[in-house]
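Everything below concerns the one structure shown next.
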Amino acid sequence: TASCGLPVSPTAKLDFSKAWDYFVVAGGLLEETRNPPEWLLQALRELHARNIPIITLCSGAFVAGNAGLLDGRHCAIHFTTR
């Protein structure tokens, strides 16, 4: 459930081999997004290598950063995030 109370539920199995139009990484608890699992980081690197656009929401930018996708780039995050 999102912080605003909106329930967010999967509609399909997470399959990184699909030909996605884009992939969205929604933020979450800071501890989880600052220390994401290696399988997720590797999957994002593979999506990036396939030129699939990756969108990050809120603290999801930390996940992209940990995957190395923001190296040499500028990124904006919410002003309350430290």
Side-chain angles (χ1 to χ4, degrees):
T1 302
S3 60
C4 66
L6 176 72
V8 180
S9 300
T11 58
K13 183 178 178 179
L14 185 58
D15 181 356
F16 291 106
S17 67
K18 282 186 166 186
W20 299 96
D21 293 327
Y22 55 88
F23 195 85
V24 179
V25 179
L29 299 174
L30 289 179
E31 184 60 31
E32 293 172 359
T33 55
R34 287 186 175 163
N35 298 299
E38 184 56 39
W39 65 264
L40 177 57
L41 300 177
Q42 185 57 39
L44 291 177
R45 291 181 197 114
E46 291 171 12
L47 291 171
H48 178 72
R50 291 172 32 210
N51 293 316
I52 295 174
I54 298 171
I55 301 164
T56 64
L57 303 175
C58 193
S59 58
F62 288 115
V63 180
N66 280 318
L69 304 183
L70 300 179
D71 292 354
R73 299 175 183 264
H74 295 278
C75 176
I77 59 173
H78 193 275
F79 70 95
T80 62
T81 305
R82 296 177 188 222

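This chain uses plain numbering: 1 for the first residue, then up along the sequence. Values in this document were obtained by computation on a predicted structure and should not be read as measured data. Worth knowing before you read on, the calculation uses all heavy atoms, side chains too, and leaves out hydrogens, waters and symmetry mates.
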Residue pair Thr56 / Val63, side-chain heavy-atom distance below 4.5 Å = no
Side chains of residues 66-77: which donor-acceptor pairs under 3.5 Å do they make with residues two or more places apart or in other chains?
| residue | atom | partner | partner atom | Å |
| --- | --- | --- | --- | --- |
| Asn66 | ND2 | Arg34 | O | 2.9 |
| Asn66 | ND2 | Phe62 | O | 3.1 |
| Arg73 | NE | Leu69 | O | 3.4 |

Residues which pass salt bridge (charged side-chain N to carboxylate O under 4.0 Å, His left out) with Arg45, listed by chain and number, not counting sequence neighbours = Glu38
Taking all heavy atoms of Ile52 and all of Tyr22, pick out the closest pair and write down the distance.
-> CG2-CA, 4.0 Å
Enumerate the residue pairs fulfilling salt bridge (Lys or Arg N to Asp or Glu O under 4.0 Å) with a member in residues 5-28, sequence neighbours excluded, ordered by first and then second residue.
-> none
To the nearest 0.5 Å, atom CZ of Phe16 lies from atom CZ of Arg50 at 10.0 Å
Ring pair (Phe, Tyr, Trp, His ring centres under 6.0 Å) contacts touching residues 26-51 (sequence neighbours left out) = none
For the pair Ile54 and Trp20, evaluate side chain to side chain contact (heavy atoms under 4.5 Å, CB included) and give the outcome as yes or no after the intermediate values.
-> CA-CA 10 Å; Ile54 298 171; Trp20 299 96; over 6 Å; no
